[in-house]
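Please read the structure below before turning to the comments.
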Amino acid sequence: MHDPSAVASDSSNFIRDTIDADLATGKMSTIITRFPPEPNGYLHIGHAKSICLNFGIARDYKGYCNLRFDDTNPEKEEQEYIDSIRRDVEWLGFEWHSNPFASDYFDQLYAWAVDLITQGKAYVDSQSAEEIRANRGTLTEPGNDSPYRERSVEENLELFEDMKNDKYNDGEHVLRARIDMASPNINMRDPVLYRILHATHHNTGDKWCIYPLYDFTHGLSDAIEGVTHSLCTLEFEDHRPLYDWILDNLETPSRPVQIEFARLQLEYSLTSKRKLNMLVNEGQVSGWDDPRMLTISGMRRRGFTPQSIINFCDMIGITKKYSTIEMGVLETALRDDLNTRATRRMAVVDPLKVIIENYPADQEEWFNGPNHPQNPDFGSREVPFSREIYIERDDFMEDAPKKFFRLSPGREVRLRFAYYITCKEVIKNAAGKIESLICTYDPESRGGSSPDGRKVRGTIHWVSARHAVDAQVNLYDRLFTSPNPGAAADFHQALNPDSHIVMDNAKLEPAIELTDNSIAYQFERLGYFISDYDSSNDNPVFNRTMTLRDSWAKIEQSQ
RNA sequence: UGGGCCGUCGCCAAGUGGUAAGGCACCAGGUUUUGAUCCUGGCAUUCGUUGGUUCGAAUCCAGCCGGCCCAGCCA
């Protein structure tokens with residue numbers, strides 16, 4: 001049976017409304033979309049929004065979506081980016097119908113350009129780039145016609161062919177659409193269609209020395225692929241008249257329409273490719289897949305699940321309104337998904353040794369702990385206990401306020417799954433730093449409850465010292481301290497100096513896979529963790545994906 | 001200030017002339033061997049603003065205010 005609640009993207013948006021209307025009028029019967037990245041960088045959370053939109057619509061309307069590389073600028077594009085983009089889209093769980101390059105269409109595009117020239121709707125301009133700019137006019141003043149605007153069709157044809165045949169240097173000529181130099185829309189003031197560029201293209205090699213520009217290429221590529229709805233971001237709104245002009249003046253196999261939506265803006269983050277590049281090149285982060293980066297590859301390494309990203313995209317919606325999403329939305333999407341799928345374990349990130357003086361030194365016990373508190377399907381594992389254990393340093397406080405439910409001198413807490421212990425003595429070194437705690441345990445409280453029914457408010461996690469696995473744990477936090485680092489004159493000043501803290505003395509319970517990053521763990525009371533790419537059995541490394549919600553921190557702050 | 005687009009709760013977002021969905025956040029309770037999860041309740045007499053049309057307007061019209069985008073041989 002069909003369960004309507006199983007459809008994730010069932011909330012309407014203006015694009016789906018348009019599609020519904022087009023379908024209703026019979027304008028088309030199959031919905032075809034495309035996700036068209038330029039392979040000049042890594043995909044980030046902003047691209048995820050577009051991917052979910054395009055692939056999501058194709059899926060829901062039983063159509064299909066292409067992954068098209070918009071590779072018309074050979075100077076910026078690289079195979080490395082192509083590989084990473086394919087990998088990221090696949091990882092998110094989407095399947096493309098086909099995966100063409102815009103460069104696959106260069107021959108057809110060239111023929112169409114010739115067609116435009118023949119119709120007298122395009123001409124070769126021999127002005128310099130500076131002259132073209134000077135003659136374009138301004139926002140409030142019209143431009144001036146190029147002195148080459150009235151060249152004959154024959155001359156244009158010959159020049160354009162010579163451009164293609166490598167008779168000229170870069171910048172000597174360009175092909176321009178002949179539209180209107182006085183148009184109030186600057187994109188319509190005879191936009192450049194082709195430029196000469198002696199660069200080796202990742203796909204076409206040295207076959208071409210002229211390359212079409214985005215505006216000429218995009219709509220025609222859509223038309224070749226039969227794309228029905230070409231979805232792009234708001235900054236292309238002004239390009240739509242040009243998109244339409246090109247399609248209206250050429251005979252194409254289909255007639256797509258462009259619809260624009262607002263790009264994602266997320267608090268405390270940057271999605272500008274240029275700035276992301278700076279972070280990588282300056283070594284502010286370890287690479288494109290640094291777990292603090294909101295690139296798809298960084299998020300993957302950090303421990304995000306594809307579903308959490310998809311859920312996030314569903315939560316934020318699609319509109320034309322310029323808006324900024326709070327980080328809390330992403331964090332909630334992440335926590336909600338991880339909560340259902342993470343295996344519970346105990347780990348101590350900042351260890352403080354506890355010696356249970358009345359527990360026999362040669363004794364050990366194994367306690368059974370469920371792998372998930374709400375889902376029995378996860379099963380359980382055995383957790384070793386012994387006389388010396390580690391607890392989290394901040395689970396002990398010498399002068400604790402009343403509301404502090406954890407350990408402090410004279411107070412009793414529950415060790416999860418094990419016993420009640422009471423703190424008897426605090427051992428400090430010469431510098432006054434707490435080195436260990438001497439406690440006693442109540443043998444009657446085995447399993448975590450006592451026959452006399454006395455209440456113990458606090459339950460803390462622990463790891464048996466003798467059985468502990470040493471590990472490094474990376475604690476990650478947001479990369480920027482300012483909600484809008486992109487708005488600062490220099491985003492470097494907004495960099496969070498504590499965005500990555502290395503804990504190199506963490507203690508893990510033994511039942512943890514050290515190198516399997518397909519397993520999401522919740523280290524109880526600490527957060528969600530995943531083993532890092534660099535983790536090995538000899539040198540285990542875990543990344544903190546996200547903390548748990550922490551209402552104690554709130555109480556603490558408000559006091 | 002030429003053109004284009006946008007203004008509904010702190011942040012998102014439904015709503016398409018019939019009397020303001022939902023999520024996040026926040027607040028107050030309950031359950032809990034994770035101060036997690038989960039559950040319950042609260043949270044816009046009002047839709048940038050002013051005026052108009054209408055029995056009735058967030059929805060239609062006009063003016064005003066505010067914000068974003070465009071002058072690459074980038075995408």
Side-chain angles (χ1 to χ4, degrees), chain A residues 11-14 17 36-38 40 70-73 75-77 125 127-129 132-134 136-143 170-176 182-189 191-197 210-211 213-215 217-218 232-241 260 262 267 273 314-333 335-336 339-340 344 346 369 372-374 403-406 413-418 420 447-449 456-461 522-527 547-556:
Chain A
S11 78
S12 69
N13 63 50
F14 74 100
D17 290 347
E38 182 187 16
N40 68 344
D70 233 328
D71 57 347
T72 53
N73 186 356
E75 293 182 320
K76 290 186 176 174
E77 297 145 8
D125 194 351
Q127 295 182 100
S128 68
I132 287 177
R133 191 188 332 115
R136 187 155 24 229
T138 68
L139 294 177
T140 52
E141 297 159 313
D170 289 4
E172 270 190 77
H173 307 286
V174 291
L175 183 73
R176 288 231 255 172
S183 173
N185 180 346
I186 289 180
N187 294 295
M188 298 297 271
R189 316 236 265 231
V192 174
L193 267 21
Y194 268 88
R195 78 284 218 189
I196 300 171
L197 218 53
I210 58 171
Y211 291 94
L213 277 96
Y214 166 87
D215 284 310
T217 309
H218 203 86
C232 62
T233 45
L234 249 27
E235 64 269 29
F236 291 103
E237 272 178 320
D238 291 339
H239 295 240
R240 183 161 15 104
E260 310 84 14
E267 278 190 345
K273 244 174 218 173
D314 280 340
M315 286 167 81
I316 62 177
I318 300 289
T319 64
K320 300 188 71 140
K321 195 164 100 187
Y322 182 88
S323 61
T324 303
I325 310 294
E326 291 178 340
M327 253 307 181
V329 181
L330 217 210
E331 294 174 352
T332 294
R335 288 190 182 111
D336 283 357
N339 180 46
T340 66
R344 268 57 172 184
M346 291 200 288
H372 190 113
Q374 277 85 227
K403 291 269 205 177
F404 187 78
F405 301 147
R406 287 113 92 149
V413 291
R414 174 187 295 109
L415 295 177
R416 174 139 237 228
F417 309 132
Y420 293 174
S449 60
V456 172
R457 285 299 299 268
T459 300
I460 63 174
H461 60 278
Q522 183 195 100
F523 291 166
E524 295 208 33
R525 304 208 309 129
L526 294 179
T547 58
L548 259 25
R549 215 174 246 109
D550 187 357
S551 53
W552 165 244
K554 252 184 232 167
I555 296 167
E556 208 177 18

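So you know, we letter chains A, B, ... as the sequences are listed, proteins then strands, and number each from 1.
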Inset, instruction - Grab the two heavy atoms, one from A/P373 and one from A/R344, that are nearest each other, plus how far apart they are. - result: CD-NE, 3.6 Å
Legend entry - Minimum-distance pair of heavy atoms, taken over all atoms of A/T138 and A/R189: O-NH2, 2.6 Å
Pairing partner of [N] (Watson-Crick or G-U wobble, both distances under 3.5 Å):
N      : result
B/rC43 : none
B/rC11 : B/rG23
B/rU49 : B/rG63
B/rU1  : none

Look at the side chain of [X] and decide which nucleotide, out of [options], has an atom nearest to it.
X      : options                : answer
A/I186 : B/rU34, B/rA25, B/rA71 : B/rA71
A/K554 : B/rC74, B/rC27, B/rG23 : B/rC27
A/P373 : B/rU34, B/rG2, B/rC24  : B/rU34
A/T319 : B/rA13, B/rU1, B/rC12  : B/rA13
A/T459 : B/rA75, B/rU34, B/rU37 : B/rU34
A/M315 : B/rC74, B/rG15, B/rC24 : B/rC24
A/V192 : B/rC73, B/rA36, B/rC24 : B/rC73
A/D17  : B/rG15, B/rC73, B/rA36 : B/rG15
A/I555 : B/rU34, B/rC24, B/rG35 : B/rG35

Separation of atom [atom1] in [X] from atom [atom2] in [N], rounded to whole Å:
X      : N      : atom1 : atom2 : result
A/L175 : B/rG72 : CG    : C1'   : 17 Å
A/K321 : B/rG48 : NZ    : C1'   : 11 Å
A/R240 : B/rC70 : CZ    : C1'   : 14 Å
A/L526 : B/rG35 : CG    : P     : 10 Å
A/N13  : B/rC12 : CG    : C1'   : 14 Å
A/F405 : B/rA36 : CZ    : C1'   : 15 Å
A/E267 : B/rA25 : CD    : P     : 13 Å
A/E260 : B/rC70 : CD    : C1'   : 13 Å

Inset, instruction - Using heavy atoms to find the nearest nucleotide of RNA chain B for A/L234 and A/I318 separately, return the residue whose nucleotide is more 5′. - result: A/L234
Inset, instruction - Using heavy atoms to find the nearest nucleotide of RNA chain B for A/R414 and A/I325 separately, return the residue whose nucleotide is more 5′. - result: A/I325
Say you pick atom [atom1] in [N] and the same atom in [M]; how far apart are they, in whole Å?
N      : M      : atom1 : answer
B/rC6  : B/rC47 : C1'   : 15 Å
B/rA71 : B/rA14 : C1'   : 38 Å
B/rG23 : B/rU37 : P     : 16 Å
B/rA62 : B/rG67 : P     : 23 Å
B/rG15 : B/rC27 : P     : 31 Å
B/rA20 : B/rA57 : C1'   : 13 Å
B/rU50 : B/rC11 : C1'   : 28 Å
B/rU16 : B/rG66 : P     : 30 Å

Inset, instruction - Ignoring hydrogens and angles, tell me if any N or O in the side chain of A/R414 forms a donor-acceptor pair with the backbone of A/G448 under 3.5 Å. - result: yes
For a quick check, tell me whether the side chain of [X] and the base of [N] share a donor-acceptor pair closer than 3.5 Å.
X      : N      : value
A/E141 : B/rG2  : no
A/R335 : B/rU37 : no
A/D238 : B/rG3  : yes

Counting the atoms with a prime plus P, OP1 and OP2 as sugar-phosphate, which does [X] contact under 4.0 Å by heavy atoms, base, sugar-phosphate, or nothing?
X      : value
A/R133 : sugar-phosphate
A/F417 : base
A/R406 : base
A/E77  : nothing
A/S551 : sugar-phosphate
A/E331 : nothing
A/Q374 : base
A/R549 : sugar-phosphate
A/Y211 : nothing
A/D125 : nothing
A/G328 : sugar-phosphate
A/H239 : base
A/R136 : sugar-phosphate
A/F14  : nothing

Inset, instruction - Could you check whether A/Y322 and the base of B/rG67 form a stacked pair, meaning centres closer than 5.5 Å and planes differing by less than 30°? - result: no
Legend entry - Near-parallel close stack of A/Y214 and B/rA75 base (under 5.5 Å, under 30°): no
Inset, instruction - Assess whether salt bridge (charged side-chain N to carboxylate O under 4.0 Å, His left out) is satisfied between A/E38 and A/K76, documenting all intermediate values. - result: CA-CA 9 Å; A/E38 182 187 16; A/K76 290 186 176 174; 5.7 Å; no
Legend entry - N/O (side chain, A/T72) to phosphate O (OP1/OP2, B/rC74) under 4.0 Å: no
Legend entry - side chain to side chain contact (heavy atoms under 4.5 Å, CB included) between A/K320 and A/E237, intermediate numbers included: CA-CA 11 Å; A/K320 300 188 71 140; A/E237 272 178 320; 3.0 Å; yes
Inset, instruction - Please determine which of A/L197, A/N40, A/L213 meets the side-chain contact (heavy atoms from CB on, under 4.5 Å) test together with A/N73. - result: A/L197
